[in-house]
Amino acid sequence: MHFWLMKSEPAVFAFTDLKQRPTRTEPWSGVRNYQARNFMRAMTVGDLALFYHSSCPQPGVAGIMRVSRAAYPDPTAWDAASEAFDPKSTKARPLWDMVDVTWHADFQTLVPLEALRADPALANLLVLRRGNRLSVTPVTTTEFQRICTLGDATVATARAW
DNA sequence: GCCAACGTTGGC
DNA sequence: GCCAACGTTGGC
């Protein structure tokens with residue numbers, strides 16, 4: 001069991017969008033960074049991930065999702081019509097992977113970026129590092145639980161630990 | 001819109 | 001393999 005933080009611009013795909021999907025599940029496509037891809041490859045089904053809203057009026061952690069399918073090839077990479085198209089990736093030799101994520105639990109409140117920064121217990125959180133741009137990062141158990149406390153997550157989350 | 005930080009690209 | 005140029009990210 002590992003914990004992660006995954007960024008998305010809410011104007012493109014928000015936490016509520018995930019919750020409103022018919023199966024509350026979405027493939028996390030479009031990651032085009034090797035380090036982030038490798039983190040996704042390290043994920044296992046059942047891992048929990050914080051859904052982080054970036055590039056928006058209120059950046060912060062919006063809720064919790066669960067990895068529901070391990071890494072598999074990202075088809076948007078070989079779709080010429082996709083913004084995430086990458087000619088270096090082919091069906092025969094896929095370069096980019098994605099995982100499926102499923103809504104897991106809401107927070108009572110969004111945990112704003114400034115609250116993450118203000119918390120001494122989160123001093124080493126990777127997403128707070130200067131200039132960090134990784135869209136997928138690992139989070140320690142302690143950090144994950146701390147952020148859940150800040151967000152006052154529902155009991156469903158507590159049971160999953 | 002600005003700009004710092006970082007990853008990627010490509011010439012050499 | 002170096003490194004400058006470029007593009008992108010993301011907070012402010």
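Sequence lines set the chain letters: A, B, ... in the order given, protein chains first and strands last, and positions in each chain run from 1. Every heavy atom of this structure was used, including side-chain atoms; hydrogens, water molecules and symmetry mates were not.
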A.B. asks: Do the side-chain N or O atoms of A:K7 get closer than 4.0 angstrom to the phosphate oxygens (OP1, OP2) of C:dT9?
C.D. replies: no
A.B. asks: In Å, rounded to the nearest 0.5 Å, how long is the span from CG of A:L122 to CG of A:L150?
C.D. replies: 6.5 Å
A.B. asks: Measure CG/A:L95 against C1'/B:dT8 and give the value in whole Å, please.
C.D. replies: 13 Å
A.B. asks: Tell me: CG of A:L113 to C1' of C:dG10, nearest whole Å?
C.D. replies: 10 Å
A.B. asks: Side chain of A:R133 only, heavy atoms from C-beta on: which candidate in C:dT9, C:dG11, B:dT8 is closest?
C.D. replies: C:dT9
A.B. asks: Expressed as a whole number of angstroms, how long is the span from A:E114:CD to C:dG11:C1'?
C.D. replies: 12 Å
A.B. asks: Separation of A:H53 atom NE2 from C:dG11 atom P, in whole Å?
C.D. replies: 12 Å
A.B. asks: Rounded to whole angstrom units, what separation is found between the NZ atom of A:K88 and the C1' atom of B:dG7?
C.D. replies: 12 Å
A.B. asks: Please tell me which of the listed nucleotides, B:dT8, B:dT9, C:dG11, lies nearest to the side chain of A:Y34?
C.D. replies: B:dT8
A.B. asks: With rounding to the nearest 0.5 Å, note down the distance linking CG in A:D86 to CH2 in A:W96.
C.D. replies: 6.5 Å
A.B. asks: Round to a whole Å and report the spacing from CG of A:N132 to C1' of B:dC3.
C.D. replies: 17 Å
A.B. asks: Using whole Å, report how far CG of A:D86 lies from P of C:dG7.
C.D. replies: 17 Å
A.B. asks: Please report, rounded to the nearest Å, how far the P atom of B:dT8 is from the CZ atom of A:R37.
C.D. replies: 10 Å
A.B. asks: Pick from A:R32, A:R37, A:R69, A:R41: which one makes a salt bridge (charged side-chain N to carboxylate O under 4.0 Å, His left out) with A:D97?
C.D. replies: A:R41
A.B. asks: Using a strict cut-off of less than 4.0 Å between a Lys/Arg side-chain nitrogen and an Asp/Glu carboxylate oxygen, indicate whether A:K19 and A:D106 qualify as a salt bridge.
C.D. replies: yes
A.B. asks: Closest approach to the side chain of A:N33, judged atom by atom: which nucleotide of B:dG7, C:dG11, B:dT9 is it?
C.D. replies: B:dG7
